[in-house]
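Here is how names work: the chains are called A, B, and so on, in the same order as the sequence lines, proteins then strands, and each is numbered from 1. Computed over heavy atoms, backbone and side chain alike; hydrogens, waters and symmetry mates excluded. Note that the structure is predicted; figures quoted are calculated from it, not measured.
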Amino acid sequence: MAFWKPGTIAPGSAVDRDTENETDKAVIAHAEQQFRHLTIKQQRERLPVFKLRRELLYLIDNYQTVIVVGQTGCGKTTQIPQYLDEAGWTTNGKQVACTQPRRIAATSVAERVAEEKNCRLGSEVGYLIRFEDQTSQQTRIKYMTDGMLFRETMIDPLLSRYSVIMIDEAHERSLYTDILLGVIKKIQKKRSDLRVIISSATLDAEAFYRFFNHNTSTTDKGKDTATIISLEGRMYPVDILYSDKPVDDYVEKSIQTVFDIHTKEPAGDILIFLTGREEIDTVVAELYERSRTLPERSMTLMPLPLYAGLTSEEQLQIFQPTPPHSRKVIVSTNIAEASVTLEGIVYVIDCGFVKVRAYNPKTGMEALVVTPVSKASALQRAGRAGRVRPGKAFRLYTEETYSTLQDTSIPEIQRSNLAPVILQLKALGIDNVLRFDFLTPPPAELMIRALELLYSLNALDDVGRLTIPLGIHLAEFPVDPMLGKILLASGDFKCSEEIVSIAAILSVQKVFINPSGKSTTKDQTILDSRRKFWVEEGDHLSLLNVYNAFIKHKSGKWCHDRFLNFKALSRAISIRQQLVRYLKRFKVPMISALKHFDNEKASEQIRKCLTSGYFAQAARAEQDGSGRFRTIRDNVLLSIHPDSVLFNRNPQWVVFHEVVETNQAYMRDLTVIEPDWLTELAPHFYEFKGDSKK
DNA sequence: GAGCACTGC
C-alpha cells in the first residue's frame with residue numbers, strides 16, 4: 001500500500017498493522033451498547049468529564065469565563081449544564097443556556113438530558129430553535145441554536161435571565177457564535193455575575209482565553225478573569241497514514257485505497273471525504289463497477305453516497321446497520337465531518353479538500369471554491385474512524401503537504417455577506433460596527449460593501465444610523481435585507497400575499513429534487529413535471545406556482561410524483577406564517593395581486609416589487625448573442641443557471657436572487673424586468689447610469 | 001451545454 005505511517009520502517013511494513021491484534025471481533029460491538037445495563041447515574045459517572053466536576057465548578061465560581069477544551073465523547077455538552085443546575089446556578093428563576101450551531105444538536109442533546117434527569121422535555125430541560133419552543137416557566141437548562149440566543153439579545157440586551165451561558169462547539173466559528181462572543185464580552189462588563197463557558201477544540205483555546213481575559217496586568221495571573229481546563233476524550237486511537245508521494249487525482253486514488261483496505265484490512269466500514277456531489281456519484285459508480293472483479297468469497301462492498309441534497313429515503317440507507325459479510329463505504333461531503341455522525345466507521349479516507357463559500361466584496365458575489373482543508377478539519381475527519389474501536393485514517397496527501405495546511409479554517413464571519421449582521425448589531429445599539437470587538441474582525445471591504453447596500457436600501461441614513469421605521473423593521477425581520485425590503489414594500493405594490501409566498505420559498509433549500517444519478521435537464525419525466533409550473537417571466541413566479549399548487553395538496557405523495565421536496569415545502573409554510581406575523585406587526589396590508597388585477601398586471605406588480613428590493617442585482621443580456629449577461633452595477637459577466645426557467649430563453653433584463661460561482665458565475669432564481677423600472681424604483685442607485693441602457 | 005459545500009433566524 002502506498003501509504004506511509006510516520007515512525008515505521010517502510011510503506012506497508014508489518015509494523016503498520018500493530019493495532020490489528022486489538023481489533024478483535026468482540027471489540028466491534030458498539031461502544032455504547034456495552035454499558036446499556038448501567039444505571040443512568042453510573043453512566044454519567046463513567047464519563048471523563050465527571051472526574052473534573054469539582055474543579056470545573058470551582059473555576060466557574062472564580063472566573064468570569066472558563067474555556068473548556070474537550071474531545072468528542074467526553075460528555076461536556078450533556079453534563080456541564082447539569083452540574084451547574086445541581087450546584088445551584090439555577091435558583092431564583094435563573095437559567096443555564098447552552099448554544100449549538102445546529103438545530104439537530106440542540107434538540108437531540110436536550111432530549112438526552114431530559115431522559116437523564118428523568119423529566120419531560122420542555123419542563124426542567126428544554127430547547128429553543130426557530131419554530132419550536134420546547135421550554136416553559138420551569139425550564140432551568142435550555143439548549144438553543146446560537147442564532148436564537150443572539151435574537152434574544154434584541155429583546156433582553158443583557159441576557160438577564162441567564163446565570164451561565166455555555167457556547168458549545170465554539171471552534172466551529174459559526175457566524176452567530178462569533179457575533180455572540182463579541183456581544184457577550186460586552187455584557188460581561190455590565191454583568192459581573194454572568195458566567196460564560198466556551199467549549200472549544202485544543203487549537204483555538206488560547207485565542208478564546210486572550211479574548212475573554214480582562215486582566216490588564218501581564219505579570220499577575222491571579223487577576224485573570226478567564227481560564228482554560230482540559231478534559232480527556234473517550235476515543236480510540238486512530239493511526240494516521242500519509243501518501244508517500246503527492247496525489248494528482250484524489251478521486252481515482254480514493255477508489256484504489258478502498259480496494260487496498262478491502263483486500264488487506266479486517267472488517268469495518270469506510271468513510272471517504274470528497275468535495276461535492278459530482279465526485280461522489282463518480283466514486284460510488286466506480287466502486288460498484290470494480291467490485292464485480294472481486295473474488296467470489298470476499299466481503300460485499302456497499303458504496304453509498306452522502307450529501308445534504310439526498311432524499312430522506314436515500315439517507316435512511318446510510319444509517320442501516322451493515323449487513324453480515326459486508327463493508328459499507330460511505331462517500332460523503334463535509335457533512336460527515338461534524339453535522340452527521342456515523343456509527344461503525346473504522347477507516348477514513350481524506351482527500352484533503354473541501355468546498356467552501358467565499359464572498360467577493362468587489363462584486364457582491366458568492367463563489368464555491370475547492371480549497372485545502374485545515375489541520376483542525378483533517379484531525380476531525382480522522383477522528384471519525386475512532387468512535388467504536390481503534391481505526392485508521394488514510395490521508396491522500398503527503399505529510400509535508402499536511403505541514404503546510406492552515407491550523408484552522410477561515411471563520412464564516414470573514415467570508416460572508418455582512419449586511420444582515422450589521423443591521424442586527426446596529427439594532428443592539430452598536431453604532432460603530434467597524435470598531436465592534438470581534439474575535440477576528442472581518443475585512444474592512446466586506447463591511448464597506450454591506451454598509452453601501454444598506455444605505456442604498458434606505459435602511460441606514462447619511463450618518464449610518466438605522467432609519468425609522470424601515471431600518472428597524474429590516475433588522476428585526478428574520479430574512480436577508482433585500483428580501484425584507486420587498487416584503488415591506490409589497491403592500492404598496494398590492495401583492496403582499498404573493499411576495500410573502502415567494503419570500504418563504506426562497507428561504508428554504510431546494511424545492512426541486514434532483515434524483516442522484518439522473519440528469520434533471522435531460523430526463524423527460526422530470527422536465528415535464530417541472531414545466532407545468534413554469535412561466536416565461538421567470539423563476540420567482542414559477543416558484544409561486546409551485547407554492548400555490550402545494551398548499552392545495554400538502555401531501556408527500558403529490559410532491560414525490562412531481563419531484564418536489566415535501567420537507568422543504570412544508571417548512572416554507574411555517575416560514576410564511578412567521579413572515580405574515582411580522583408583516584401584520586409592521587402594518588403591511590395583506591393584498592393579493594392575483595385577486596385584484598388580471599394576470600398580466602398582477603405579474604407586473606410582483607416583478608416591480610421584486611425590482612424595488614433587488615435593483616442592486618440587475619443584469620442585462622450581452623448583445624453578442626452569447627446568452628451571457630453583465631451586471632448593471634459592476635459590469636460582471638454572468639450566466640443563467642441551467643436549472644432556471646429562463647435558461648436558453650434569452651431574456652434581456654433581469655433581477656436575480658443570488659449568484660453562485662462554480663466554473664462560471666451563475667445567476668439563480670431570476671425574473672424578467674423592464675429597464676425603466678430600475679430608474680423608476682431606484683433612482684438614487686441608477687441616476688448616474690441612465691446611459692447604460694443604450 | 002452544464003450543474004449547490006454546510007448551517008441559522
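Spacing between atom CZ of A:F563 and atom C1' of B:dG3 amounts to 18 Å, rounded to whole angstrom units. Taking atom CZ on A:R173 and atom P on B:dC6, their separation rounds to 22 Å, with Å as the unit. Rounded to whole Å, the distance from NZ on A:K355 to P on B:dA5 is 4 Å. Atom CZ in A:R102 sits roughly 12 Å away from atom P in B:dC9 (whole-Å rounding). Between A:R581 atom CZ and B:dC9 atom C1' there is a gap of 13 Å when expressed in whole angstrom units. Atom CG in A:L306 sits roughly 15 Å away from atom C1' in B:dC4 (whole-Å rounding). In this structure, A:E337 atom CD and B:dC6 atom C1' are separated by 10 Å, rounded to whole Å. If you measure from atom CG of A:D146 to atom P of B:dT7, you get 14 Å, rounded to the nearest angstrom.
Of the listed nucleotides (B:dA5, B:dA2, B:dG1), B:dA5 has the atom at the smallest distance from the side chain of A:R357. Here the side chain of A:I335 is nearest to one of B:dT7, B:dA2, B:dC9, namely B:dT7. Closest to the A:R277 side chain, of the nucleotides B:dG1, B:dA5, B:dA2, is B:dA5. In this structure, of B:dG1, B:dG3, B:dC6, it is B:dC6 that holds the atom nearest to the side chain of A:T333.
Toward the 5′ end of DNA chain B lies the nearest nucleotide of A:N648, the other residue of the pair A:N648 and A:R130 mapping further downstream.
Listed pair A:S507 / B:dC9 fails the phosphate criterion, with no side-chain N or O lying under 4.0 Å from OP1 or OP2. At the phosphate of B:dA2, neither OP1 nor OP2 sits under 4.0 Å from any side-chain N or O atom of A:H641. A:R103 has a side-chain polar atom (N or O) that falls below the 4.0 Å cut-off from OP1 or OP2 of B:dC9. The side chain of A:Y666 places no N or O atom within less than 4.0 Å of a non-bridging phosphate oxygen (OP1 or OP2) of B:dA2. Residue A:R668 places at least one side-chain N or O closer than 4.0 Å to OP1 or OP2 of B:dC4. Here A:T145 does not reach the OP1 or OP2 of B:dT7: none of its side-chain N or O atoms lies under 4.0 Å away.
Taking the ring centroids of A:Y614 and A:H657, they lie under the 6.0 Å cut-off. A:Y250 has its ring centre less than 6.0 Å from the ring centre of A:F353.
A donor-acceptor contact under 3.5 Å links the side chain of A:E658 to the base of B:dC4.
No option in A:T77, A:T99, A:T177 other than A:T77 meets the side chain to side chain donor-acceptor pair (under 3.5 Å) test with A:D168.
Note: A:Y582 and A:F586 have tilted aromatic rings, judged against thresholds of 30 and 60 degrees for the angle between ring planes. Between A:H641 and A:Y666, the ring planes are perpendicular. Angles over 60° get that label, and only those under 30° would be called parallel.
At the heavy-atom level, A:V354 lies nowhere under 4.0 Å from the strands shown. Counting non-hydrogen atoms under 4.0 angstrom, A:I575 reaches nothing in the nucleic acid.
Cation-pi geometry between A:R395 and A:Y402 is satisfied (NZ or CZ under 6.0 Å from the ring centre, within 45° of the ring normal).
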